[in-house]
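Order of the sequence lines fixes the chain letters, A, B, ..., with proteins taken first and strands second; residue numbering starts at 1 for each chain.
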Number of protein chains: 6
Amino acid sequence: MITALCPGSFDPITNGHVDIIERASRLFDRVLVTIFVNSSKSPWFTPEERVELARRSTAHLPNVIVDSYDGLLVEYARRHGVKVIIKGLRAVSDFEYEFQMAQINKHLAGDLETMFMMTRPENAYLSSSIVKELARYGVDPVGLVPEPVREALRARAAERRRR
Amino acid sequence: MITALCPGSFDPITNGHVDIIERASRLFDRVLVTIFVNSSKSPWFTPEERVELARRSTAHLPNVIVDSYDGLLVEYARRHGVKVIIKGLRAVSDFEYEFQMAQINKHLAGDLETMFMMTRPENAYLSSSIVKELARYGVDPVGLVPEPVREALRARAAERRRR
Amino acid sequence: MITALCPGSFDPITNGHVDIIERASRLFDRVLVTIFVNSSKSPWFTPEERVELARRSTAHLPNVIVDSYDGLLVEYARRHGVKVIIKGLRAVSDFEYEFQMAQINKHLAGDLETMFMMTRPENAYLSSSIVKELARYGVDPVGLVPEPVREALRARAAERRRR
Amino acid sequence: MITALCPGSFDPITNGHVDIIERASRLFDRVLVTIFVNSSKSPWFTPEERVELARRSTAHLPNVIVDSYDGLLVEYARRHGVKVIIKGLRAVSDFEYEFQMAQINKHLAGDLETMFMMTRPENAYLSSSIVKELARYGVDPVGLVPEPVREALRARAAERRRR
Amino acid sequence: MITALCPGSFDPITNGHVDIIERASRLFDRVLVTIFVNSSKSPWFTPEERVELARRSTAHLPNVIVDSYDGLLVEYARRHGVKVIIKGLRAVSDFEYEFQMAQINKHLAGDLETMFMMTRPENAYLSSSIVKELARYGVDPVGLVPEPVREALRARAAERRRR
Amino acid sequence: MITALCPGSFDPITNGHVDIIERASRLFDRVLVTIFVNSSKSPWFTPEERVELARRSTAHLPNVIVDSYDGLLVEYARRHGVKVIIKGLRAVSDFEYEFQMAQINKHLAGDLETMFMMTRPENAYLSSSIVKELARYGVDPVGLVPEPVREALRARAAERRRR
């Protein structure tokens, strides 16, 4: 059985993430979607909220498990028997950063693979930052995020404006 | 009549910006140079100062109007009948970021175009950050910024050193 | 009146080209779509055939004129009063090549501008070479090229297989 | 059962290819290593020779099958129940080309995935062209290609020099 | 006599830095390794500590001198008779940033050259940030930094955890 | 004494090449400018003509020696005591290719360094191919190539047109 890991800050999960997770879930026996707690600066959502949103957005995928972790990725991978990390690539800048990460992870854990999938072209501009930026200006991120996230973003944006 | 928009934080306007604005002003009927207020973190100049510096630096271009806005770019474009956004590209990293922005703007406003012009090679290293960095060390940014900006930078750098 | 030029080998014109031409035709008074004869090695279509296919594919755009030329781009631009060259960019590799071309053209003709538009994400992989490659294997390029080109490609591929 | 495909011209197979194939063979049930006949111009080795060299170089991998095909990749993938194409990435230029290929393959066969693995840093410069270039000058490609290829290259280079 | 300068924040020096310094020390008469004080945000080590670590890590190189400076690079270069700045390049993103820096330095000091050396492939992912990130999680950066740095990182990480 | 090598096909030498050679000649004791015979396909100039043009274009640089060689670069470097190869970089695509070459040369000759200098921004589009393309259309490459090359290009272009 091959366990794959989709790591990220998922603050919040977008349709770009869900697309990669769906495609990975067809190729591997089990896919862990894991929120790495420290990787997002001044997040909009708590780790618990992010887990909940990711869970509701991937509920249709039986072999996907949502989790969170506060620590080093390779340590988590070792503990959970992860054989391969899955990352979506959108652009050249992603590519370079992710390659450096993949190299350092291979230095730390030689048998841990990283595989890259390209995002669908229509998602190439999508990121958690972009949907928060839009929500901040009151733009409804329809078509960019799963339904549960859409509502959570609207509510959180309104709260933040009141502060 | 085609209205073009040169958006930015212009903190402050440089010779690189002025070159793009001049060239755009020869191709389109009206060019809006608009300071987007929120896009610069810990700015050296207030939005009002930035507008004033941009106005004095483009006073020789009759079809250029300097403005400022605190909100979403596509919203501003819709209100002012903008048909095309003009962006200068210096390098591959610019290219990727600007392409993402152009894609998201097209998602939000399907009939709003973005066109890119390449900066002159001698301006390829120029940016508002670089001229502030130089001013901070007391280097006179001659040839890098318009005359009114040169003086404003010197004065502001001296003020900041006194703090 | 601003005349824009969309230069290329157009061997043959694809939906990616037509998209850029349509968008340019909304921003400029007159758009010349010009087949540069020498720029394609071992072409599938003669210059006359390429002009004919481009004409039929842009017949719905009243301010677009299809032409062909055997010579230097800046010379053609000077003769026809072209103020701006329009190029579609798909990826970083396009960007670098086109920037070199834009720079050399600016060296040869200082007042001739080049502006870049990004291709729609779903066209990012599209090129004349790709559609010929597909046609060579008998794949119908539906959705990738205008209707007249689709038929011409099928016919030409069949001819080439018989040789 | 997931079948993965490592396509290429393999003219000849290098240690860079073998590394990717080994790593893929640990993640997927069956890995097809398929020589696409038309993709190499003026090859040094016939398709039969390339199959033989690839076979001897992957003989230690029980779930790897070497094959050859003269036709379209998506057609081959469909016939053999391939779920995922595996490509090694060395550099940004690889990345862009491979992304275009992945996109066109997804256009032609929507459920066929492409996944990318990064080459080991010490193989980043390795390619079939480079080892042929070295062999041409009489350099022994030790450490760059599997043993059977090393001998075949030496013999072929000597033959080519005699012509 | 040619004096070369390896500038940086060196917070702390890594094996990647030492490799570039060693190679530069074979090509130039004198190599200054200079800590530029302001270039690191929220550093782990004081300038004095960074000088000390760099000194101990380059003690085997007789023509290398470690120094620190709080000011503009071109000013420092002028004062110390530096003819050439040496920078290591790891990836395309480095390349673009370093090219901009090289251009601005050439604008400020026309006779000051910048030369680039590529990092060894196995160091391509190495950076001061990465080793601090690893140390933060208690990972021993063996093989990534010189011995004196390894101990200093461990001690500092422990201190920071206690805060 | 440090000997540097500027290798290339120099078909023909341009102002971009001369700029790099001049700058290298100020940093190293001896600079070999060596035409590698096989590296240009369907050249305009014979190796002897290219040597002659390079010699006349670098006659003002006393420590520069022009040479030609038909063989492997690392072999030539070993025979002539070359310590460092100097390459000019114009763009990201140059960077990747040159990095691969530098890596393979380091694999073949571990103590042979490669150093990169950036071309001046105004030369970023310059290449031997571009000046031949211009000459082919009767454009005088004034400011792009040294005077002796300018005349040779004009004469050769006229000859080629008569064929």
Side-chain angles (χ1 to χ4, degrees), chain D residues 8 11-20 40-42 44 87-100 116 118-146 149-150 153-154 156-158 160-163, chain F residues 5 7-9 11 32 34-43 47 67-80 82 84-116 118 124-125 127 129:
Chain D
D11 182 47
I13 196 168
T14 70
N15 282 351
H17 297 128
V18 173
D19 174 52
I20 295 290
S40 181
K41 286 136 198 155
S42 53
W44 275 37
K87 300 291 293 187
L89 290 181
R90 289 169 304 183
V92 169
S93 45
D94 277 2
F95 167 88
E96 295 221 314
Y97 175 75
E98 294 298 346
F99 257 43
Q100 287 196 325
F116 302 97
M118 68 167 190
T119 59
R120 302 161 70 88
E122 58 271 33
N123 290 340
Y125 60 84
L126 246 187
S127 69
S128 298
S129 308
I130 285 281
V131 297
K132 286 182 283 190
E133 180 79 1
L134 293 179
R136 199 157 72 84
Y137 285 113
V139 178
D140 181 5
V142 61
L144 304 180
V145 294
V149 175
R150 194 177 155 199
L153 270 171
R154 191 164 17 196
R156 188 57 40 96
R160 292 172 68 96
R161 268 192 295 271
R162 280 195 297 273
R163 277 188 224 164
Chain F
L5 171 63
S9 53
D11 182 47
L32 300 175
T34 304
I35 281 108
F36 281 78
V37 169
N38 55 294
S39 57
S40 180
K41 286 137 198 154
S42 54
D67 193 6
S68 74
Y69 189 67
D70 187 1
L72 205 61
L73 189 143
V74 293
E75 182 60 28
Y76 179 86
R78 204 180 47 73
R79 286 193 196 172
H80 290 77
V82 170
V84 57
I85 299 166
I86 308 295
K87 301 290 295 187
L89 291 181
R90 287 168 305 181
V92 169
S93 44
D94 278 2
F95 167 87
E96 295 221 313
Y97 175 75
E98 294 298 347
F99 257 42
Q100 288 198 324
M101 283 303 99
Q103 266 190 278
I104 195 110
N105 287 334
K106 206 151 181 62
H107 174 85
L108 297 173
D111 55 348
L112 180 60
E113 284 298 337
T114 304
M115 295 192 90
F116 302 98
M118 68 168 191
Y125 60 84
S127 70
S129 308

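The part of Leu144(D) that comes within reach of chain F is its side chain, from C-beta onward, which places non-hydrogen atoms under 4.5 angstrom from that chain. Interface remark: Pro121(D) contributes backbone atoms only to the contact with chain F (heavy atom separation under 4.5 Å). Residue Val142(D) touches chain F through its backbone alone, counting heavy-atom pairs closer than 4.5 Å.
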| query | Stepwise, does the side-chain contact (heavy atoms from CB on, under 4.5 Å) test hold for Gln103(F) with Asn123(D)? | reply | CA-CA 9 Å; Gln103(F) 266 190 278; Asn123(D) 290 340; over 6 Å; no
| query | Can you list the steps and then say if His107(F) with Tyr125(D) is a side-chain contact (heavy atoms from CB on, under 4.5 Å)? | reply | CA-CA 10 Å; His107(F) 174 85; Tyr125(D) 60 84; 3.0 Å; yes
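Rounded to the nearest 0.5 Å, atoms CG (Leu108(F)) and CG (Leu134(D)) are 5.5 Å apart. Annotation: the span from Leu72(F) atom CG to Arg136(D) atom CZ amounts to 9.5 Å, rounded to 0.5 Å.
Residues satisfying the side-chain contact (heavy atoms from CB on, under 4.5 Å) test with Pro7(F), not counting sequence neighbours, are Leu5(F), Phe36(F), Leu73(F), Ile85(F), Lys87(F).
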